[in-house]
Amino acid sequence: MAESANKRVRIIDVSKYFGDVQAVRNANVEVAEGEVVLIIGPSGSGKSTLLRCVNRLETLSAGDIWIDDIHASHSKSDIRRIREEVGMVFQSFNLFSHLTALGNITLAPRTVKKLSREQAEADARRLLKRVGLSDKEASYPGQLSGGQQQRVAIARALAMNPKVMLFDEPTSALDPEMIKEVLDVMLDLAREGMTMLVVSHEMGFAKAAADKVIFMDQGEVLEIGTPAEIFENPREERTKRFLEHIL
Amino acid sequence: MAEVKQTRIEISDGALIPDRNEKSVFSAWRISFFGAIALLVILPIVKPDPFWDILKFIPDGILRTFQVTVSSIVIALFIGLVAGLGRISRITIVNRIATVYVEVIRGIPLLVQLFYIYYALGQFFTLPPMVAAIIAMSVCYGAYMGEIFRAGIQSIPKGQMEAALALGMTRAQALRKVILPQTFRVILPPIGNEFIALLKDSSLVSILAVSDLLRRGREFASVSFQYFETYTVVAIVYLVFTLFFSKLVAAMEKRLERGG
């Protein structure tokens, strides 16, 4: 226990089946407090599925996941505790389309944490400022650009004060000129010491912020290393071939 | 602007049907609606006997028709919400009960249901005709509403539920605060259409001796023997109301399309 005490996230022997298809095979990943871990790999390699296992948007077929000292067993209350500690940002933003930016950010603190409206809105305004969208608090998602929507989505996740943030291809649905504004917010978060698990192929972000890079293929975690190790000196043949495609 | 996916129940945009009609001053809707209004004004002036007498005789019936329609739609909405939630429930027994209700009710003609509740069940307990009518109409339309609710809920992208769950909300909270508010917006137009259908179907309750619009017409005609004149007026009055409400639904649809 002692050596894993400072591990924020421990993914132990996790497997996930969809019917007969094994999406994740015996994955073992540890993320220390404040660490930024990037998951890369070809599409269908199980990156997103692994990420979604962490906050139990997918049930596990086998294995264990710990967030600090919370073990996400199958009980509903444990799963909800995990989800309160783990924020998630989606590829398609998934902002609540009937609520303003402010409403999106305050909904969970008010319903889950039972914060007062004043308290939740004060927090939300601070977060909107942090992501550079103070002037958009009354805008509906449909009135915001993709980059702005994703920044509101990040603020929404941060409003629950998570210990860990999951990013599932946060920039894949964005036009090129909007990718930077989202990555900048993520870089700030990384600098402030947020523990992050990121599925992305943004090499700039990887080099600037990632402490570790994980390469997955066909559901398997093939390689874990520093960005330098993985990008410049991959051990596995499949990692090499994949990197040739995206670099 | 990045593509923002808007969700609504799929309506074909009918690219092959020319839409010119809509913009003309003499649109089909205007011809029908104002034509009907004009007839209702001109006929009693030109021929007060019997048209003026008919118009004086039927307002009670219009009131009754609206009482039945509005009460039934309100109750049907409530039944529909419960049935719709039942249809998407992951608890097998709840799901099965809701599905059986929808299948059975949709498979029996409304007229037969009216007979059944008033006459068949009337052998065990007697309901006032008005109450029997409202029960039959709400139970029947509740099944159709249930399908509208189900389709509406299922039309909300699954990312909305996932985002709510990922924030630590329970399924019930997510449903109440995220899914249903969006569902109501999507299903407003189809509910409006059900309202119009119910308004028309409410004429069936006249067979239970509820003095609705149709029944009042029949009462007038059977005394005066002026069937042609009476039923012409009855038909026009129904037409004015249904055209009015269908325009309202269309306006609602347009607003929903514009406002994101």
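Per chain, numbering begins at 1; letters A, B, ... match sequence-line order. In this text, all values refer to a predicted model and were calculated from it rather than measured experimentally.
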Please determine whether the number of non-hydrogen atoms from other residues, nucleotides or ligands lying under 6.0 Å from atom [atom1] of [X] exceeds 12.
X	atom1	answer
R81(A)	CZ	no
K129(A)	NZ	no
Y17(A)	OH	no
F18(A)	CZ	yes

Looking at N55(A), L166(A), L95(A), I82(A), which one has more heavy-atom pairs under 4.5 Å with chain B than the rest?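 Between N55(A), L166(A), L95(A), I82(A), the count favours L95(A).
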
Over all heavy atoms of both residues, which pair between [X] and [Y] is shortest? Give the atoms and the distance, please.
X	Y	answer
A163(B)	F90(A)	CA-CE1, 3.7 Å
L167(B)	V112(A)	O-CG2, 4.1 Å
A166(B)	M88(A)	CB-CB, 4.2 Å
Q182(B)	S97(A)	OE1-OG, 2.9 Å

Heavy-atom distance under 4.5 Å between the side chains of L107(A) and M169(B), does that happen here?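 A side-chain contact exists here, since the closest heavy-atom pair is under 4.5 Å.
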
N/O donor-acceptor pair under 3.5 Å between H98(A) side chain and K177(B) backbone: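 Here the side-chain-to-backbone pair exists.
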
Quick one: what part of Q173(B) sits under 4.5 Å from any heavy atom of chain A, side chain, backbone, both or neither?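 Q173(B) touches chain A through side-chain heavy atoms alone.
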
Counting only non-hydrogen atoms closer than 4.5 Å, does A174(B) touch chain A with its backbone (N, CA, C, O), its side chain (CB onward), both, or neither?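 When you check distances to chain A, no heavy atom of A174(B) falls under 4.5 Å.
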
Under 4.5 Å from a heavy atom of chain B, the part of [X] involved:
X	result
T111(A)	both
V86(A)	backbone
R52(A)	side chain

Measuring from N94(A):CG to K158(B):NZ, what's the distance to the nearest 0.5 Å?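 The CG atom of N94(A) sits 9.0 Å away from the NZ atom of K158(B).
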
